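A short write-up of the structure that comes next.
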Amino acid sequence: MPIFDTHAHYDSNGFNADRVDVLSALPAAGVELVVDPGCDVPSSRAAVDLAERYPHVYAAVGIHPEDCAGCADEDFDAIRALCGHEKVVAIGEIGLDYYWKENPPREFQERVFRRQIELALELDLPVIIHDREAHGDSLRVVLDYPGLRGVFHCFSGSPEMAQELLKRGWYLGFDGPITYKNAKRAPEVAAVTPLDRMVVETDAPYLTPVPYRGKRNDSRYLPYVLEKLAEWKDVTAEEMTRVTWENGKRLFGLE
Ligand code: NI
């Protein structure tokens, strides 16, 4: 059963030494689909370049809240232009990040977030949402757009927030941290999430699962996330691999 990594940053500097080797090795390792989300205009372009080069790679394009300082009309125009590429399947990653003190002011992050949501609605694309320590505001913003669809990447909100999103059709992303001993909320979130709304992500090169925590992450470690999720949902790892593959394809219109 093939694996779909719905969120991996192979354009990142972390793969400069061996990007070709890692990406080329994925299909033989069972990873047959990857979505690489951009974080600013250059990385969105780089994600599209990778998607052009590798049949199993698709791109998302967008401006991440941590990288949105100074972003202006020309940046939104560049993102819009990239959306015309046939292998761009979503706008992302976009959202709110209140974790880092040096991030742009919250009001500015929200303006950038809303502008990209409006672009996604106009172009009928799903969004990939980054919400770090900004659960209340992220929920408030997305609820302003009833037609909006997509995934909350590495979902870290409460089970109650998950249910608000799930009843509106959102998908939730599960990543390496669900394998950590201190994962408390994730099993509660998994319990309220139906199988057909789960996707698995590496966020490579970050968020490496146990037992490789501390090393660089790549899509070949995704079986550890699939196994943990399967255990929580009381299904086989094969079944979890199959449903997350189907869900990812449905989410990104790859059927
Ligand atoms: Ni990411």
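A quick note: this is a predicted structure, and the numbers were derived from the prediction, not measured. One is the number of the first residue; the rest follow in order along the sequence. For ligands, and for the atoms within them, numbers begin at 1 and follow the listed sequence.
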Work out the angle at the Ni ion (ligand 1) between NE2 of H7 and NE2 of H9, rounded to 10°.
90°

Between D40 and R45, does any NZ, NE, NH1 or NH2 come within less than 4.0 Å of an OD or OE carboxylate oxygen?
no

Check all N, O or S atoms of E93 and name the one closest to the Ni ion (ligand 1).
OE2

Does the distance from a Lys or Arg side-chain N to an Asp or Glu carboxylate O, for R114 and D144, drop under 4.0 Å?
yes

If the threshold is 4.0 Å, N to carboxylate O, is there a salt bridge linking R185 and E188?
no

Need the atom name: nearest N/O/S atom of D203 to the Ni ion (ligand 1).
OD1

Set of side chain to side chain contact (heavy atoms under 4.5 Å, CB included) partners for A47, sequence neighbours left out
D11, D36, A59

